[in-house]
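Each remark here refers to the structure printed beneath this line.
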Amino acid sequence: MKLEILDDFNIEKFRHDLISWFETEQRDLPWRMNKDPYRVWVSEIMLQQTRVEAVKPYYANFMEKFPTLEALANAEDEEVLKAWEGLGYYSRARNLHTAVKEVKEQYGGKVPSDVKQIEKLKGVGPYTKGAILSIAYGIPEPAVDGNVMRVLSRILSIWDDIAKPKTRKVFEDVVRQIISKENPSYFNQGLMELGALICIPKNPSCLLCPVREHCRAFAEGVQKELPVKSKAKAPKMVPLVAGVLRTEDGKYVVNKRESTGLLANMWEFPNVEIGEGIRNHKQQFTDYMKEKFSLSVSIDEYAMNVQHTFTHRMWDIFVFYGTVTGTIAEADRLKMITIQEFEQLPISKSHRTIFEECVKKLQP
DNA sequence: GAGCCGTGGCC
DNA sequence: TGGCCAAGGCT
């Protein structure tokens with residue numbers, strides 16, 4: 001079932017040109033030190049939707065703390081989340097931890113090289129599956145990410161909208177036809193490296209491109225029109241009111257978020273979404289603390305406003321200083337702790353901002 | 001399929 | 001400055 005789109009495409013020479021270029025020009029990255037499947041796995045999870053430069057320090061720290069699959073499997077959840085703090089998409093950390101424990105128990109600690117087994121692991125989707133299999137085990141599976149779709153859409157002049165999920169299958173079909181069976185690792189990595197260094201989203205460096213002679217978009221001068229990618233929806237504004245609450249003995253009230261959803265299991269200052277049409281933020285906050293935690297809160301003063309934009313949501317947080325007088329009922333997710341203890345917990349970016357401002361102000 | 005899920009850097 | 005972008009996966 002040869003694809004029509006590959007008519008007149010010199011597959012053999014394309015493979016050769018791509019792999020030769022990758023052999024000489026690839027970056028020296030920490031996760032390319034060897035082909036240890038565990039190290040490859042961790043790097044692929046961290047690199048999801050995340051830049052190489054952002055990953056580097058986290059990867060080094062993570063490998064120091066959890067050098068082996070066994071070490072990660074034996075770690076505490078909160079320790080793993082703390083190592084992920086600031087990297088974003090925190091379900092990646094939870095899923096990786098879950099999957100590693102499963103590999104330890106089900107597969108004797110060896111990352112499976114079987115397609116059916118590896119794709120069942122939490123957090124391992126079509127891309128990561130192909131990346132691990134090809135890079136760690138030399139198995140010719142497609143690893144189609146954003147880079148690969150951009151590069152191949154230009155080279156083969158494919159005008160499908162890459163923002164649509166089903167478009168990935170189009171590219172997987174293409175890769176199955178053209179991937180090198182001799183060196184699938186360098187073929188897949190070569191496509192991604194090309195996308196990162198040469199065939200970049202804006203103003204691609206076509207004159208430096210090792211596979212320029214194969215590129216249909218370059219031949220027709222339309223490389224800047226590809227790939228086609230429809231725009232994402234604008235983030236929705238979500239106003240919140242939060243309290244930095246001190247106890248009589250100088251501790252602070254902190255809350256652990258729910259175990260699923262946004263910033264799952266991360267710690268923050270207690271806060272509540274401001275209801276539609278409600279004007280008295282302070283009142284709503286004290287009511288919330290009373291109803292949900294049976295805590296009597298008195299607000300001292302307005303502290304600051306913090307904005308934070310996620311992919312699909314924008315927080316607008318009104319922060320107040322206050323004090324609590326009651327005692328906390330036995331609730332896992334609410335604690336009174338010192339500044340030093342809070343520092344040790346996984347905290348999201350926006351609440352770390354609040355935290356650091358408050359330390360400046362309250363602990364001179 | 002569409003919506004949800006973070007953060008930092010670039011121009 | 002703000003929109004866009006980055007080695008996706010889950011529900």
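Residue numbering restarts at 1 for every chain, and letters A, B, ... go by the order of the sequence lines.
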For residues 44-53 of chain A, run the donor-acceptor check on the side chains, cut-off 3.5 Å, and write out each pair with its distance to 0.1 Å, sequence neighbours left out.
{"unit_1": "Glu44(A)", "atom_1": "OE1", "unit_2": "Tyr127(A)", "atom_2": "OH", "d": "2.6"}
{"unit_1": "Gln48(A)", "atom_1": "NE2", "unit_2": "Thr128(A)", "atom_2": "OG1", "d": "2.9"}
{"unit_1": "Thr50(A)", "atom_1": "OG1", "unit_2": "Met46(A)", "atom_2": "O", "d": "3.3"}
{"unit_1": "Thr50(A)", "atom_1": "OG1", "unit_2": "Gln48(A)", "atom_2": "O", "d": "2.7"}
{"unit_1": "Thr50(A)", "atom_1": "OG1", "unit_2": "Arg92(A)", "atom_2": "NH1", "d": "3.2"}
{"unit_1": "Glu53(A)", "atom_1": "OE2", "unit_2": "Lys56(A)", "atom_2": "NZ", "d": "3.1"}

Original post:
When you measure from every atom of DNA chain C, which of residues 24-39 of chain A have a heavy atom less than 4.0 Å away?
Top reply: Arg27(A), Leu29(A), Trp31(A), Arg32(A)
When you check the gap from the basic side-chain N to the acidic O, do [X] and [Y] get nearer than 4.0 Å?
X	Y	value
Glu357(A)	Lys360(A)	yes
Glu105(A)	Lys101(A)	no
Glu141(A)	Arg176(A)	yes

How far, in whole Å, is [M] from [N] if one measures between their [atom1] atoms?
N	M	atom1	value
dT11(C)	dG6(B)	P	13 Å
dG9(C)	dG1(B)	C1'	14 Å
dA6(C)	dC5(B)	P	22 Å

[options]: which one has an atom nearest the side-chain heavy atoms of [X]?
X	options	value
Thr50(A)	dG8(B), dG6(B), dG8(C)	dG6(B)
Gln48(A)	dG6(B), dG9(C), dT7(B)	dG9(C)
Thr311(A)	dT7(B), dG8(B), dG1(B)	dT7(B)

Original post:
Quick one: on DNA chain C, does Ser43(A) or Lys231(A) contact a more 5' nucleotide (nearest heavy atom)?
Top reply: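 Its nucleotide being nearer the 5' end, the pick is Lys231(A).
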Subject >> Contact nearer the 5' end of DNA chain C, comparing Gly125(A) with Arg51(A) >> reply: Arg51(A)
Original post:
Among pairs that include at least one residue of residues 147-199 of chain A, which meet ring pair (Phe, Tyr, Trp, His ring centres under 6.0 Å), considering only residues two or more places apart or in two chains?
Top reply: Phe22(A)-Tyr186(A)
**OP:** Applying side-chain contact (heavy atoms from CB on, under 4.5 Å), name anything that partners Glu12(A), two or more places apart in sequence or on another chain.
**Re:**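 Here the qualifying residues are Asn10(A), Arg15(A).
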Subject >> Contacts of type side-chain contact (heavy atoms from CB on, under 4.5 Å), residue Glu102(A), not counting sequence neighbours >> reply: Gln106(A), Leu121(A)
Nucleotide [N], atom [atom2] - distance to [atom1] of [X] in whole Å:
X	N	atom1	atom2	answer
Lys236(A)	dC5(B)	NZ	C1'	15 Å
Trp41(A)	dG9(C)	CH2	C1'	14 Å
Asn203(A)	dC5(C)	CG	C1'	14 Å
Met192(A)	dA6(C)	CE	P	14 Å
Asp161(A)	dG1(B)	CG	P	12 Å
Gln307(A)	dT7(B)	CD	P	15 Å
Phe310(A)	dC4(C)	CZ	C1'	18 Å
Arg150(A)	dC5(C)	CZ	P	10 Å

Original post:
Do the side chains of Leu240(A) and Phe355(A) join up, straight or via other hydrophobic residues, at under 4.5 Å, putting them in one cluster?
Top reply: yes
[N] OP1/OP2 closer than 4.0 Å to side-chain N/O of [X]:
X	N	result
His308(A)	dT7(B)	yes
Thr128(A)	dG9(C)	yes
Lys202(A)	dC10(B)	no

Original post:
With sugar-phosphate meaning primed atoms plus P, OP1 and OP2, does Arg352(A) contact a base, only sugar-phosphate, or nothing at under 4.0 Å between heavy atoms?
Top reply: nothing
Original post:
Which of residues 79-105 of chain A have a heavy atom under 4.0 Å from DNA chain B?
Top reply: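 By residue number: Gly86(A), Leu87(A), Gly88(A), Tyr89(A), Tyr90(A).
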Original post:
Between Lys169(A) and Leu263(A), which is nearer to the 5' end of DNA chain B once each is assigned its nearest nucleotide?
Top reply: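 Residue closer to the 5' terminus by nearest nucleotide: Lys169(A).
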Subject >> Closest-nucleotide ordering on DNA chain B, the 5'-leading residue of Thr260(A) and Lys166(A) >> reply: Lys166(A)
Original post:
Considering residues at least two apart in sequence or located in another chain, which fulfil the ring-ring contact (aromatic ring centres under 6.0 Å, His included) criterion with Phe320(A)?
Top reply: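 With neighbours one apart ignored, the set is Tyr302(A).
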**OP:** Name all residues meeting the ring-ring contact (aromatic ring centres under 6.0 Å, His included) criterion together with Phe269(A); count only those two or more places apart in sequence or in a different chain, and write none if there are none.
**Re:** Phe342(A)
Subject >> Those residues that, when tested against Glu182(A), pass side-chain hydrogen bond (donor to acceptor under 3.5 Å, both in side chains) (two or more places apart) >> reply: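 Counting only residues at least two positions away or on another chain, Glu182(A) forms no side-chain hydrogen bond (donor to acceptor under 3.5 Å, both in side chains).
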Result block: side-chain N/O donor-acceptor pairs under 3.5 angstrom for residues 59-72 of chain A, not counting sequence neighbours:
{"unit_1": "Tyr59(A)", "atom_1": "OH", "unit_2": "Arg39(A)", "atom_2": "O", "d": "3.2"}
{"unit_1": "Thr68(A)", "atom_1": "OG1", "unit_2": "Ala71(A)", "atom_2": "N", "d": "3.0"}

Dump every N/O contact between nucleotides 2-4 of chain B and the protein below 3.5 Å, one line per pair.
none

**OP:** Would you mind listing the cluster partners of Met237(A)? Hydrophobic ones only (ILVMFWY), side-chain contacts under 4.5 Å, chaining allowed.
**Re:** Met314(A)
